[in-house]
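Here's the structure, in structure tokens; my notes come after.
The model shown is predicted, which means the values in this text are computed figures rather than measured ones. Counting starts at 1 for both ligands and their atoms, following the listed order.
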Amino acid sequence: MLLDVRNVIRMRTIFLAGAGSLALAGAAMVHSAQSPAQAQQTTPNAQTLGAPAVTSPPVGVPAQAVSTFGAQAQRSGLNIVVLDPAHGGTDPGARGTGGIRESEIVLDLATQVRRALELQGFQVVLTRQGNENPSFDDRSAIANAQRGAVFVTLHISSTGLPGTVRVYVNSDLAAVTDSNGLIPWDRAQAPFLGLSKKFGDLVQGMLVQRFKGSPDAALTAGVRQLRSTAAPAIAVEISSIVVEDRAELDRMAPGVADAIARGAAAFKPSYVVANVPGKLP
Ligand SMILES: [Zn+2]
């Protein structure tokens with residue numbers, strides 16, 4: 001499930017308890033080499049005009065990496081997929097009547113998605129490898145530390161027509177900055193929304209071919225995990241946890257994995273920064 005009230009409450013608790021830590025949402029600021037106006041201008045326009053989309057500005061990169069981010073991202077393009085099996089540890093996510101847990105199914109699903117992505121030539125970074133529950137910010141930080149990455153969080157819903165899959169991108173966020181041009185951590189997704197939608201539409205397009213009854217295009221929602229992620233970022237949610245036997249969900253895994261991998265491969269050309277003659281090797 002995507003919208004988990006318990007998680008929201010826990011996040012608020014962390015904010016209060018961790019006010020001294022720069023790593024926590026609200027307190028942390030991330031650098032942007034572009035002004036938000038520039039970022040807003042370049043990202044959607046590049047797509048509208050059919051030119052190669054300008055890649056993400058270096059929002060969310062650790063401060064020490066900012067000076068080198070632009071050049072390296074231009075050289076590398078999209079190479080990395082940060083894959084997030086949601087929930088885990090003390091948070092089982094959605095639970096079915098038969099005792100199946102979202103946190104376990106998405107971890108197994110992630111193994112298959114990883115394999116499919118690697119076959120497409122991507123390097124995959126998992127936000128968790130076992131039954132643990134990194135915070136939203138820990139998971140976003142893994143993506144925000146990469147160069148040339150997209151982020152995919154995996155969920156099983158408790159609603160929806162069983163056998164369908166939906167892709168969500170974050171709903172609009174105001175790209176606010178302070179006087180130093182810093183973007184707050186919890187708005188890090190704002191400059192990437194256009195690219196996230198494009199990535200999400202491509203993955204959803206692959207999914208609807210395999211899972212009839214799924215939407216044709218990505219949906220928007222307020223997804224906490226995506227909000228603090230400074231990269232093109234999507235949530236993929238499979239319906240649903242109410243199936244009697246988890247084998248019904250497991251049978252969907254290869255198709256979901258393949259759709260994500262093909263969607264990422266189709267998105268890859270959109271992520272390349274327009275070449276500046278003489279600047280690239
Ligand atoms: Zn979930």
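- With a cut-off of 2.8 Å, the Zn ion (ligand 1) has no N, O or S atom of Glu237 in range.
- Closest N/O/S atom of His87 to the Zn ion (ligand 1): NE2.
- Residues Val243 and Met252 share a hydrophobic cluster, clusters being chains of Ile/Leu/Val/Met/Phe/Trp/Tyr side chains in contact below 4.5 Å.
- When the Zn ion (ligand 1) is compared with the N/O/S atoms of Glu102, atom OE2 turns out nearest.
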> Could you go step by step and tell me if Arg246 and Asp108 meet the salt bridge (Lys or Arg N to Asp or Glu O under 4.0 Å) rule?
Replying inline: CA-CA 11 Å; Arg246 73 164 277 177; Asp108 292 342; 2.9 Å; yes
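- The pair Asp137-Arg224 meets the salt-bridge criterion, with a side-chain N (NZ, NE, NH1 or NH2) lying under 4.0 Å from an Asp/Glu carboxylate O.
- Counting backbone and side-chain atoms alike, Met1 contributes an N/O/S atom closer than 2.8 Å to the Zn ion (ligand 1).
- In this structure, the side chain of Ser135 engages the main chain of Asp138 through a donor-acceptor pair within 3.5 Å.
- Summary: ND1 is the N/O/S atom of His155 found nearest to the Zn ion (ligand 1).
- Taking CD1 of Ile100 as the reference point, atom CD of Glu244 lies at 9.5 Å (rounded to 0.5 Å).
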